[in-house]
A.B. asks: 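After the structure tokens below, expect a handful of questions from me.
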2 protein chains.
Amino acid sequence: MHPALQQQLEGKITLTTEQEQLVNSCYKPRLTKRGEILLEKGNVARYLFFVVKGCLRVFLTKDDGSEWTRFLIFENHFGTAFPSFVQQKPSVAAIQSMEASELLMISRQDSQILMQEIPGWETMMRMGLELDYIASIERIESLITLDAKERYNILMQTQPGLIQRLPNKIIADYLGISQETLSRLKSKK
Amino acid sequence: MHPALQQQLEGKITLTTEQEQLVNSCYKPRLTKRGEILLEKGNVARYLFFVVKGCLRVFLTKDDGSEWTRFLIFENHFGTAFPSFVQQKPSVAAIQSMEASELLMISRQDSQILMQEIPGWETMMRMGLELDYIASIERIESLITLDAKERYNILMQTQPGLIQRLPNKIIADYLGISQETLSRLKSKK
DNA sequence: TAAAAAGATTGACAATAGTCAATAAATCAT
DNA sequence: ATGATTTATTGACTATTGTCAATCTTTTTA
């Protein structure tokens, strides 16, 4: 099993040899180039991605060409265009690799097989889901209660690496502001 | 079993008599008055609520007295101050009954007992969680991609009942705008 | 390394939304 | 019903953020 995945399971679940083989057969490795599109808007998100190395972004596009970053997925985290993946319907969001990345990917069907076949796997997934949901609740809170500057300050405190690693434009999208506004915030504070 | 809860389980899970008794012993009924506080900020959210009749709101308060509605929970939906409930830590949000309401409530511990004891219960919870998470992702999208007027129009299309039922102030909080702005949007469109 | 491309900053102005205050309307309780 | 309280609307002004354009900087690539 991939060591990064192994580490992810540590303390949460212990697998028999057969179970480990099943897990291995479900997760497919994938390498991406910087900028590579993993899912186009309008297609169904067939895979859940685990980022071993690199960074993905899930983003929205409008007809006028503007873009909005819905989520960023860093090392040792799972992510995908979630509504599309769960409901297996066309995605409104696209997924792009922000850096040359190393991924493990699993289909919805295989994910369900693991939940059925491996006792404790669904519990692990459910608990992961709870944490993702909590993170998204906290993002909603910051969007409705804070102004742009406060949101930026919090991001700097909680995810300083993110700011160094990604272009301004992406961070601005993620915060729900224009890149010019972000640029001005940075000089002000 | 309460018919509203029964209906909720329909098509998702079938219970034996013993299982049904276990479920019944876990869900406690509660009646609330309009305006009643079910959880104060700073306390741990011990219960997940199922709204049989009425409406709850989960809201944030700041020191200056301003309030923000994080979530609204209507008939036949589950909800609570989720981060606090899952992690059993003090809540930043409070919960209030917006109308005289009829609720069923279950503790985190009892919820876990049901997931352990009843095959399929955790799957049902996990799938419910997926849908809640999707709803929150869509709310994030609307907050970062749409302006106040667009958000209000969508709310009017998707939840017209909500607008008639709740005071302006609450809807404004929920949309992340001031009540004056909401009042102006309503006359404009 | 130089040219080209992409990204970041800054200025000027416009648009959106917030705040404070006054008034009007609706709801509640006696 | 009626006075009291809460809620909603409107006006005037302010603050925040967005847009467009120009310039500067960094990164890529040939």
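So that the names make sense, note that chain A is the first sequence line, chain B the second, and so on, each numbered from 1.
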A.B. asks: Please report, rounded to the nearest Å, how far the P atom of C/dT27 is from the CD atom of B/Gln164.
C.D. replies: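 Computing the B/Gln164:CD to C/dT27:P distance gives 13 Å.
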A.B. asks: Which is more 5' along DNA chain C, the nucleotide nearest B/Gly176 or the one nearest B/Arg34? Just name the residue.
C.D. replies: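 Between the two, 5'-proximity favours B/Gly176.
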A.B. asks: D/dG18 C1' sits how many Å from B/Glu150 CD, rounded?
C.D. replies: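 Roughly 14 Å, once rounded to whole Å.
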A.B. asks: Using the ring of B/Phe49 (Phe, Tyr or Trp, six-membered ring only), decide whether B/Arg30 places NZ or CZ under 6.0 Å from its centre and within 45 degrees of its axis.
C.D. replies: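 Ring-cation test returns no.
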A.B. asks: Could you tell me the separation between the CG atom of A/Leu182 and the P atom of D/dT16, rounded to a whole number of Å?
C.D. replies: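 One finds 17 Å between P of D/dT16 and CG of A/Leu182, rounded.
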A.B. asks: Tell me the interatomic distance from A/Leu185, atom CG, to C/dA8, atom P, rounded to whole angstroms.
C.D. replies: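 Result: 14 Å.
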A.B. asks: Looking at A/Phe71, does the NZ or CZ of A/Arg139 lie under 6.0 angstrom from its six-membered ring centre and within 45 degrees of the ring axis?
C.D. replies: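 A/Arg139 over A/Phe71 ring: yes.
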A.B. asks: Compare the minimum distances between each of D/dA8, C/dG7, D/dT10 and the side chain of B/Glu180, then state the nucleotide with the smallest one.
C.D. replies: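 My answer, after comparing the listed nucleotides, is D/dT10.
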A.B. asks: What is the distance, to the nearest angstrom, from the NZ atom on B/Lys169 to the P atom on C/dG18?
C.D. replies: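 Taking atom P of C/dG18 as the reference, NZ of B/Lys169 is at 11 Å.
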A.B. asks: What's B/Gly35 touching, base or sugar-phosphate or nothing? Going by heavy atoms closer than 4.0 Å.
C.D. replies: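 Counting heavy atoms under 4.0 Å across all strands, no contact is made by B/Gly35.
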A.B. asks: Does NZ or CZ of A/Arg70 come closer than 6.0 Å to the centre of the six-membered ring of A/Phe82, within 45° of the ring's axis?
C.D. replies: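 Cation-pi check for A/Arg70 and A/Phe82: fails.
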A.B. asks: Which whole-number value in Å describes the distance from A/Arg184 CZ to C/dA8 P?
C.D. replies: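 Distance, rounded to whole Å: 15 Å.
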A.B. asks: Report the nucleotide, chosen from C/dT10, D/dT9, C/dA8, that has the shortest atom-to-atom distance to any side-chain atom of B/Lys186.
C.D. replies: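 In terms of side-chain proximity for B/Lys186, the closest of C/dT10, D/dT9, C/dA8 is D/dT9.
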A.B. asks: Between A/Glu180 and A/Arg184 (salt bridge meaning N to carboxylate O under 4.0 Å), is one present in this structure?
C.D. replies: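 Salt bridge absent between A/Glu180 and A/Arg184.
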A.B. asks: Return the nearest nucleotide to the side chain of B/Ser178; candidates are C/dT19, D/dT19, D/dA8.
C.D. replies: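 Of C/dT19, D/dT19, D/dA8, C/dT19 is nearest to the side chain of B/Ser178.
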A.B. asks: Please report, rounded to the nearest Å, how far the P atom of C/dA8 is from the CD1 atom of A/Ile171.
C.D. replies: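 A/Ile171 atom CD1 is separated from C/dA8 atom P by 8 Å.
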A.B. asks: Side chain of A/Ala148: nearest nucleotide among C/dC28, D/dC20, D/dT17?
C.D. replies: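 So the side chain of A/Ala148 is nearest to D/dT17.
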A.B. asks: Among B/Glu40, B/Arg34, B/Arg57, which residue satisfies the side chain to side chain donor-acceptor pair (under 3.5 Å) criterion with B/Gln96?
C.D. replies: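 Option passing the side chain to side chain donor-acceptor pair (under 3.5 Å) with B/Gln96: B/Arg57.
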A.B. asks: When the distance from CD of A/Glu99 to C1' of D/dT27 is rounded to whole Å, what number comes out?
C.D. replies: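 Computing the A/Glu99:CD to D/dT27:C1' distance gives 15 Å.
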A.B. asks: Is any side-chain nitrogen or oxygen of B/Thr181 closer than 4.0 Å to OP1 or OP2 of C/dA17?
C.D. replies: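 It does not, given that no N or O in the side chain of B/Thr181 lies less than 4.0 Å from OP1 or OP2 of C/dA17.
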